[in-house]
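In what follows, a structure is listed as C-alpha cells, so that the remarks can point back to it.
Remember, predicted model here, so these are calculated numbers, not experimental data. By convention here, the first residue in the shown sequence is residue 1.
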Amino acid sequence: MAAFPTHRARVHDVRLPLHRRHSALRTCLTVFAPYGLRATYHHLTLSAAIPRRLEADPDALGRAVEELQEARVLWLARAEEYAVRRRAEKRAGRRAVSNPRPWWMRSWVESPERAWFDDPSRHPSLRLPAYVRRRNALLDGADLPGCPVCGDERQHVLSSTGHGWVELCRGCAWVLTPCPCGGRHRLVPDTPFTWQGIWQRAHMGDDGMPNPHWPVG
C-alpha cells in the first residue's frame with residue numbers, strides 16, 4: 001500500500017505541474033476505488049467539484065484525494081480485521097472463504113454493482129466514507145432501509161435483459177433482484193461515454209459544476 005501515501009502527497013505538492021498532480025490522483029485510484037476506477041473518479045469530479053480546466057481550482061485535487069483517503073482508512077481497518085480473523089480460521093483448519101465474500105474482494109463480474117463498471121455515472125451519490133461505512137455495516141448484518149448500498153428508497157426500476165427482467169435501484173443501478181437466468185448482464189448506459197471524456201471532465205464546467213450542455217457540448 002506504499003504507493004497510495006506517496007501519490008497522495010504528490011497530489012498535494014503545489015510544486016508539481018497540475019497534470020502530474022492529476023496523474024497522481026489516478027494512481028491513488030488504481031490502489032483504492034470503492035466504485036471502481038472510472039466511477040470513483042467520476043464521483044470525485046462531482047463531490048470535489050473538479051473543474052474541466054484544472055487551473056480554475058487546483059485545490060479540487062486535494063479535496064478529492066482527501067475524500068478518498070478518509071474512505072481508505074475505514075476500509076483498511078476493516079480489511080485488517082478480516083485478515084486477522086482469516087488467519088485464525090486457517091490455524092483452526094477452516095480454510096474456506098466465507099460466502100458471500102467481503103465486498104472489497106468481489107469481482108465486478110459477480111457483483112450487483114457491475115452497473116458502475118458499465119456506466120460510471122450510475123454510482124451512488126454517497127460520499128465515499130459514508131459508502132464504506134454502509135458496506136461495513138451490511139457486513140456486520142445491519143438491516144438498513146432502502147437500497148443496501150446507497151439507501152435510495154424510491155420505487156425500483158425494471159430493466160429488460162432480453163429474456164427476463166432485473167430490478168435496479170433508481171439511485172445507483174444496484175441489482176436488487178437479478179435476472180431469473182442467474183447471470184449478470186451488462187447495463188446499457190443511458191448516455192454514451194468514453195473514459196477519455198470522463199478523464200478530461202467533459203461533463204464538468206470550469207466553475208466546478210456539472211456541464212449543462214454535456215454530452216452535446
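Within 6.0 Å of the CD atom in Gln155, the count of heavy atoms belonging to other residues, nucleotides or ligands does not exceed 12. The number of heavy-atom neighbours closer than 6.0 Å to CD of Glu80, taken from other residues, nucleotides and ligands shown, is above 12. Shown here is Asp143, whose CG atom has no more than 12 heavy atoms of other residues, nucleotides or ligands within 6.0 Å.
Residues Leu144 and Arg134 have side chains in contact (heavy-atom distance under 4.5 Å, counting atoms from C-beta outward). Residues Asp207 and Pro51 fail the side-chain proximity criterion, which asks for heavy atoms closer than 4.5 Å. Here the side chains of Val132 and Arg127 are not in contact, with every heavy-atom distance at 4.5 Å or above. Using a 4.5 Å cut-off on side-chain heavy atoms (C-beta onward), Arg10 and Thr6 make contact. In this structure the side chain of Cys150 reaches within 4.5 angstrom of the side chain of Cys169, judged on heavy atoms. Residues Val166 and Thr177 are not in side-chain contact: their nearest non-hydrogen atoms beyond the backbone lie 4.5 Å or more apart. Side-chain contact check for Val65 versus Leu44: every heavy-atom pair is 4.5 Å or farther apart. Residues Pro124 and Trp116 have side chains in contact (heavy-atom distance under 4.5 Å, counting atoms from C-beta outward).
Looking at Asp206, its side chain does come within 3.5 Å of a backbone N or O of Arg53 through a donor-acceptor pair. Looking only at distances, a side-chain donor or acceptor of Asn211 sits under 3.5 Å from a matching main-chain atom of Ala202. Looking at Asp119, its side chain does come within 3.5 Å of a backbone N or O of Ser121 through a donor-acceptor pair. A donor-acceptor pair under 3.5 Å is absent between the side-chain atoms of Arg52 and the main chain of Gly205, judged by distance alone. Looking only at distances, a side-chain donor or acceptor of Arg63 sits under 3.5 Å from a matching main-chain atom of Ala48. For the pair Thr45 (side chain) and His42 (backbone), a donor-acceptor distance under 3.5 Å is present.
A side-chain N or O of Trp103 and one of Asn136 form a donor-acceptor pair less than 3.5 Å apart. A side-chain donor from one of Tyr41 and Arg201 sits under 3.5 Å from a side-chain acceptor of the other.
Within the model, atoms CG of Leu25 and CG of Leu54 stand 9.5 Å from one another, a figure rounded to the nearest 0.5 Å. We find the CD-NE2 distance between Gln200 and His203 to be 11.5 Å, quoted to the nearest 0.5 Å. Note that CZ of Arg38 is 12.0 Å distant from NE2 of His123, once rounded to the nearest 0.5 Å. For the atom pair CZ of Arg133 and CG of Leu138, the computed distance is 14.0 Å after rounding to the nearest 0.5 Å. With rounding to the nearest 0.5 Å, the separation of SG in Cys172 from CZ in Arg170 is 12.5 Å. The structure places CG of Asp13 at 4.0 Å from CZ of Arg15, a figure rounded to the nearest 0.5 Å.
When the side chains of ILVMFWY residues are joined at heavy-atom separations under 4.5 Å, either directly or via intervening members, Leu16 and Phe4 end up in two distinct hydrophobic clusters. When hydrophobic clusters are built by joining Ile, Leu, Val, Met, Phe, Trp and Tyr residues whose side-chain heavy atoms come closer than 4.5 Å, directly or via intermediates, Trp195 is grouped together with Phe193. Hydrophobic clustering (ILVMFWY, side-chain heavy atoms < 4.5 Å, transitive): Leu37 and Met105 are in one cluster.
Its side chain within the 4.5 Å cluster rule, Leu158 clusters with Trp165 among the Ile, Leu, Val, Met, Phe, Trp and Tyr residues. Side-chain contacts under 4.5 Å among hydrophobic residues (ILVMFWY), followed directly or transitively, place Val14 with no other residue at all. The hydrophobic cluster around Leu46 extends to Met204, counting ILVMFWY residues whose side-chain heavy atoms fall within less than 4.5 Å of a member.
In plain terms, the two heavy atoms of Ala49 and Asp57 that are nearest each other are O-OD2, 4.2 Å. Of all non-hydrogen atoms in Glu67 and Leu128, the two that sit nearest each other are OE2-N, 3.0 Å. Here the closest non-hydrogen pair linking Thr40 and Pro34 is OG1-N, 3.6 Å. Among all heavy-atom pairs drawn from Pro5 and Arg72, the shortest one is CD-NH2, 4.2 Å. For the residue pair Ala173 and Leu168, the shortest heavy atom distance occurs at O-CD2, 3.7 Å. The shortest non-hydrogen separation linking Trp104 to Ala79 is CZ2-CA, 3.7 Å.
In this structure Arg8 satisfies the salt bridge (Lys or Arg N to Asp or Glu O under 4.0 Å) test together with Glu66, sequence neighbours excluded. Partners of Tyr131 by side chain to side chain donor-acceptor pair (under 3.5 Å), not counting sequence neighbours, listed by chain and number: Arg135.
Screening residues 24-34 for side-chain hydrogen bond (donor to acceptor under 3.5 Å, both in side chains), with sequence neighbours left out, gives no hits.
Taking the six-membered ring for Trp and thresholds of 30 and 60 degrees, His43 and Tyr35 have ring planes more than 60 degrees apart, a perpendicular arrangement.
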